[in-house]
Amino acid sequence: MRDNLCKYLAEHYPTAFTQWLLNDASADVSVLKTELNLKPIRADAVTLVQTQHCILHLEFQAEPEPTLPLRMLDYWLRLYRTYQCEIVQVLILLRRTRVHVPDVFELPNTTHRYRVVKLWEEDPQQFFAIPGLLPFAVLGKTNNEAGLLQAVADQIRQIDSKQAQQELSTIVQLLAGLQYSKEMIQAIFREGMMRESVIYQEILQEGERKGRREGEQIGLQRGRQEGQLEGECTLILRQLRCRLGTLPDAVVQHIHGLSLEQLDALGEALLDFQDFNDLAMWLDSQPTG
């Protein structure tokens with residue numbers, strides 16, 4: 001989720017990122033929509049910003065993945081093949097980690113480098129002057145976490161646009177969860193502003209959509225299982241009636257209550273039944289749920 005929030009920032013404030021990472025203050029910047037959604041590329045996690053001179057490829061990660069170096073090379077090759085221009089790649093790490101994160105993919109005869117930015121080593125003051133980068137300040141280097149979080153909150157309240165206040169406040173609070181306690185965040189920020197935010201509402205709606213999708217998937221799977229169970233039960237009852245004759249309603253209900261594994265076992269056992277007593281003894285030997 002947090003890398004998607006950073007993607008949101010980059011796509012809504014692209015000039016902020018080119019100013020920070022390329023030292024390019026030009027306003028001629030656009031977000032590049034691309035068709036790089038071929039496996040193993042995860043295009044939903046890629047942000048591409050195009051300037052007059054190059055393409056800035058941004059990759060945000062809360063937890064670095066072992067496959068990242070190869071992925072960065074793969075991105076570069078696909079981008080260069082398509083656009084034939086300079087490609088600047090920056091991997092931005094959000095959460096402090098002791099894991100070594102390489103800035104190079106290297107094999108015999110192949111070396112590919114990219115830039116790695118560890119936000120916890122960055123001076124947070126550089127983010128205060130540019131609203132689109134302000135959320136990153138809370139993850140910057142500091143000896144006074146509460147003071148830094150309060151300073152970011154104060155800076156947000158000075159923004160003229162109410163919508164921008166709400167959006168940046170939401171992103172700040174969600175990103176701050178990587179480093180700060182929930183109690184500290186709630187003590188400094190007004191929860192109401194976050195709940196009013198468009199981004200917060202989008203997150204809630206996406207959660208609801210995901211819940212519905214999972215519910216539908218579970219329902220579909222459960223329906224298939226129940227259909228298989230009913231079909232197996234019908235087949236077993238037909239075989240039993242052919243072999244033993246009419247069955248009491250209580251026995252039929254008992255068989256309907258058997259699991260799929262028990263029905264499979266009954267399908268094998270009934271071949272040896274001589275009369276109804278054999279069926280009754282078999283059913284009595286089965287554990288009940």
Side-chain angles (χ1 to χ4, degrees), residues 1-5 7 35-46 59-75 78 94-95 97-101 105 107 174 177-178 181-182 200-289:
M1 179 186 72
R2 291 183 173 92
D3 53 349
N4 285 334
L5 290 174
K7 178 180 174 67
E35 299 299 326
L36 291 179
N37 53 347
L38 301 174
K39 293 181 179 179
I41 293 293
R42 298 188 313 160
D44 59 328
V46 177
E59 178 82 10
F60 301 98
Q61 289 283 318
E63 302 291 341
E65 302 172 5
T67 59
L68 266 171
L70 177 58
R71 284 224 320 266
M72 297 300 277
L73 171 59
D74 200 358
Y75 287 134
R78 291 168 188 249
L94 308 177
R95 189 200 298 269
T97 178
R98 294 182 179 179
V99 176
H100 172 66
V101 181
F105 174 82
L107 286 176
L174 293 172
L178 290 169
S181 69
K182 180 180 179 181
Y200 187 80
Q201 295 302 320
E202 288 179 355
I203 292 171
L204 289 181
Q205 292 171 10
E206 178 58 30
E208 292 173 357
R209 287 193 293 268
K210 182 178 179 182
R212 286 196 296 270
R213 289 195 299 268
E214 292 177 350
E216 291 170 358
Q217 186 63 32
I218 292 172
L220 180 60
Q221 184 177 2
R222 184 176 299 167
R224 288 172 178 169
Q225 291 173 345
E226 291 177 354
Q228 184 180 3
L229 188 64
E230 183 64 27
E232 186 78 9
C233 187
T234 299
L235 177 61
I236 294 298
L237 286 171
R238 182 179 301 169
Q239 291 175 311
L240 285 170
R241 290 188 178 107
C242 289
R243 194 171 188 84
L244 305 177
T246 302
L247 302 174
D249 290 341
V251 172
V252 173
Q253 291 179 4
H254 190 161
I255 293 173
H256 273 290
L258 296 177
S259 67
L260 189 59
E261 291 77 12
Q262 289 174 317
L263 288 173
D264 287 340
L266 178 56
E268 296 181 4
L270 68 82
L271 298 176
D272 297 324
F273 291 169
Q274 299 300 318
D275 53 34
F276 179 78
N277 288 332
D278 291 336
L279 171 60
M281 289 178 61
W282 189 93
L283 291 174
D284 287 342
S285 70
Q286 296 303 302
T288 58

Next on the checklist: The test is side chain to side chain contact (heavy atoms under 4.5 Å, CB included); show your working for Cys233 and Leu258 and say whether it passes.
Outcome noted: CA-CA 8 Å; Cys233 187; Leu258 296 177; over 6 Å; no
Next on the checklist: Show, in sequence, the C-alpha distance, side-chain angles and deciding distance for Leu279 and Leu266, and conclude whether the side chain to side chain contact (heavy atoms under 4.5 Å, CB included) test is met.
Outcome noted: CA-CA 9 Å; Leu279 171 60; Leu266 178 56; 4.1 Å; yes
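- Nearest approach of Pro64 to Thr97, heavy atoms of both residues: CG-CG2, 4.4 Å.
- A search for side chain to side chain contact (heavy atoms under 4.5 Å, CB included) contacts involving Asp284 returns nothing, not counting sequence neighbours.
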Atom pairs and distances, donor-acceptor, side-chain atoms in residues 246-253, under 3.5 Å, two or more places apart:
none

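- When side chains are defined from C-beta on, Leu244 does not count as touching Leu270, because their heavy atoms never get closer than 4.5 Å.
- In this structure, the side chain to side chain contact (heavy atoms under 4.5 Å, CB included) partners of Ala265, at least two apart in sequence or on a different chain, are Trp282.
- Summarising the geometry, atom CG belonging to Leu237 is positioned 5.0 Å from atom NE2 belonging to His256; distances are rounded to the nearest 0.5 Å.
- In this structure, Leu68 and Phe105 have side chains that are not in contact, with every pair of non-hydrogen atoms separated by 4.5 Å or more.
- Side-chain N or O atoms of Asp278 include one that pairs as donor or acceptor with a backbone N or O of Gln274 at under 3.5 Å.
- In this structure a side-chain-to-backbone donor-acceptor pair under 3.5 Å is missing from Gln286 to Leu283.
- Here CE of Met281 is found 9.5 Å from CZ of Phe273. Values are rounded to the nearest 0.5 Å.
- No hydrogens or angles considered: nothing links the side chains of Gln61 and Glu63 as a donor-acceptor pair under 3.5 Å.
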